[in-house]
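Notes follow the structure.
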There are 2 protein chains.
Amino acid sequence: MWKTGGAHAAEAWTLLLELLLAERGRLPAIAATLRLSPAQCHVLHLLEPGRPVSMRRIADALACDASNVTGIVDRLEARGLLQRRVVAHDRRLRVIVVTRRGAAARARLLARLAAPPPPIARLSRAEQRALCTLLRRAFAPT
Amino acid sequence: MWKTGGAHAAEAWTLLLELLLAERGRLPAIAATLRLSPAQCHVLHLLEPGRPVSMRRIADALACDASNVTGIVDRLEARGLLQRRVVAHDRRLRVIVVTRRGAAARARLLARLAAPPPPIARLSRAEQRALCTLLRRAFAPT
DNA sequence: GCACATGCTTGAGGTTGTCAAGTATCGGCA
DNA sequence: TGCCGATACTTGACAACCTCAAGCATGTGC
């Protein structure tokens, strides 16, 4: 006990893990309503409209092999949700951009993901605000 | 805005989702050190030693089809980490219990999962304690 | 006893994930 | 200039996960 982050850090993270595992089924379920797979949703989530991203960066974000991204992008491109493009300064790169249809699908996806699960929704308004503040601090660069 | 849980609930959940997606690679990585897959880890996580669980309940917890559980349990059983058993009162059921080896693997798994990711570890001790309190409240039955 | 529901398994088919190998391009260096 | 190693992506082989439909064994209600 009382190691790196202290016992409270470990307990907080463990509770968050429980939340994650309990909500594990939500992403596939939401994905299914959009006829997407979880991985495809993750890629779409990354692709802010108008902000091209290389496949290398996508593979890093998904924490998986680059060869994997090829297939996922293949299927999304076949459905007209995104496009591969080449950039002049480095012809090895394939840069990915969402199409208009892709952006619409992404917006629907984000809207459905935003609905908080019961444990969060159950908190009082003040507690929710406190949780927000804490999480913003956790992500702040310092 | 200001719908079901309030705007703060949605923002808090969105921040948590970011954390989840960012930490998405951790479970596979930890799983790999134990030569397990993420789904196998999830099953092991459920199986408190001495507490048999039916495959039906496992499928519900994983939010997936029952036929899926058959394969996952097959592989874990083949490695001696758990056992199928039948119970007298309902011979349709297959009840799963971890073996001694399975319990040891589970303990290692839980220990590695407990290490909090950077955003949580970065919080001050007081903030971590506050986060803990909030999350405990979120999971409390009311 | 019969119809129906439930728990599990099997098989087909698609997606995700790994690894190894191959192609194209870039950058540095003689 | 020309070569060499690194980098970005693709392809192919294979394992795991996941869903659906079908089938078998067992329980439950009429």
Side-chain angles (χ1 to χ4, degrees), chain A residues 21 24-46 52-79 81-97 109, chain B residues 21 23-46 52-79 81-97:
Chain A
L21 293 176
R24 184 181 188 270
R26 264 171 54 108
L27 180 55
I30 291 175
T33 69
L34 297 168
R35 301 185 181 279
L36 293 168
S37 72
Q40 288 167 354
C41 285
H42 197 171
V43 168
L44 217 46
H45 175 84
L46 287 176
V53 179
S54 75
M55 301 191 58
R56 176 71 256 153
R57 279 172 115 56
I58 294 178
D60 289 341
L62 294 233
C64 71
D65 195 273
S67 67
N68 208 351
V69 178
T70 298
I72 299 172
V73 166
D74 278 350
R75 288 169 209 115
L76 288 172
E77 190 172 28
R79 288 180 47 186
L81 299 180
L82 50 78
Q83 275 187 346
R84 281 171 165 92
R85 290 200 190 142
V86 291
V87 283
H89 75 280
D90 189 340
R91 299 161 56 81
R92 291 172 302 179
L93 296 181
R94 300 301 152 96
V95 155
I96 309 299
V97 285
L109 172 64
Chain B
L21 292 176
E23 296 300 315
R24 184 182 189 272
R26 263 172 53 111
L27 179 55
I30 291 174
T33 68
L34 297 169
R35 300 185 182 280
L36 293 168
S37 72
Q40 288 167 354
C41 286
H42 197 172
V43 168
L44 218 47
H45 175 82
L46 288 176
V53 179
S54 75
M55 300 191 58
R56 176 70 255 158
R57 277 170 121 49
I58 294 178
D60 289 341
L62 296 231
C64 73
D65 195 273
S67 67
N68 206 354
V69 178
T70 298
I72 299 173
V73 166
D74 277 350
R75 288 168 208 115
L76 288 171
E77 190 172 29
R79 288 179 49 186
L81 299 181
L82 50 78
Q83 274 187 346
R84 281 171 166 93
R85 289 199 191 145
V86 291
V87 284
H89 75 281
D90 188 340
R91 297 160 57 81
R92 291 173 303 182
L93 295 180
R94 302 299 153 95
V95 154
I96 309 299
V97 284

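Rounding to the nearest 0.5 angstrom, the gap separating the CZ atom in B:Arg75 from the CG atom in B:Leu36 is 12.0 Å. Expressed to the nearest 0.5 Å, how far CG of B:Leu62 lies from NE2 of B:His42 amounts to 5.5 Å. Distance check: B:Leu93 CG to B:Arg56 CZ gives 11.0 Å after rounding to the nearest 0.5 Å.
Atom pair B:Leu76:CG and D:dA15:P shows a separation of 18 Å (rounding to whole Å applied). Here the P atom of nucleotide C:dT6 and the CG atom of B:Asp60 are 12 Å apart, to the nearest Å. Put simply, CE on B:Met55 is 18 Å from P on D:dA25, counting in whole angstrom units. Between the C1' atom of D:dT7 and the CG atom of A:Asp90 lies a distance of 8 Å, rounded to the nearest Å.
Between D:dT10 and A:Arg84, a contact under 4.0 Å exists linking OP1 or OP2 to a side-chain N or O.
Nearest to the side-chain atoms of B:Leu93 among the listed nucleotides C:dC26, C:dG7, D:dC9 stands C:dG7. Listed nucleotides: C:dC26, C:dC8, D:dC9. Nearest to the side chain of A:Arg94: D:dC9.
The only option from B:Ile58, B:Leu46, B:Val69, B:Leu76 that meets the side-chain contact (heavy atoms from CB on, under 4.5 Å) definition with B:Ile96 turns out to be B:Ile58.
Within 4.0 Å of A:Arg57, counting heavy atoms only, lies no atom of the nucleic acid at all.
Residue-to-nucleotide contacts include a donor-acceptor pair under 3.5 Å from the side chain of A:Arg92 to the base of D:dT7.
When all heavy atoms of A:Leu34 and A:Arg79 are compared, the pair lying nearest together is O-NH2, 3.7 Å.
The closest side-chain heavy-atom distance from B:Ile30 to B:Cys41 is not below 4.5 Å.
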Please tabulate, one pair per line, each protein N/O and nucleotide N/O from nucleotides 16-21 of chain D that are separated by under 3.5 Å, including the distance.
from: D:dC17; atom 1: OP1; to: B:Ser37; atom 2: OG; distance (Å): 2.2
from: D:dC17; atom 1: OP2; to: B:Arg75; atom 2: NH1; distance (Å): 2.3
from: D:dC18; atom 1: OP1; to: A:Arg24; atom 2: NH2; distance (Å): 3.3
from: D:dC18; atom 1: OP2; to: B:Asn68; atom 2: ND2; distance (Å): 3.4
from: D:dC18; atom 1: O5'; to: B:Asn68; atom 2: ND2; distance (Å): 3.0
from: D:dT19; atom 1: OP2; to: B:Asp65; atom 2: N; distance (Å): 2.6
from: D:dC20; atom 1: N4; to: B:Ser67; atom 2: OG; distance (Å): 2.6

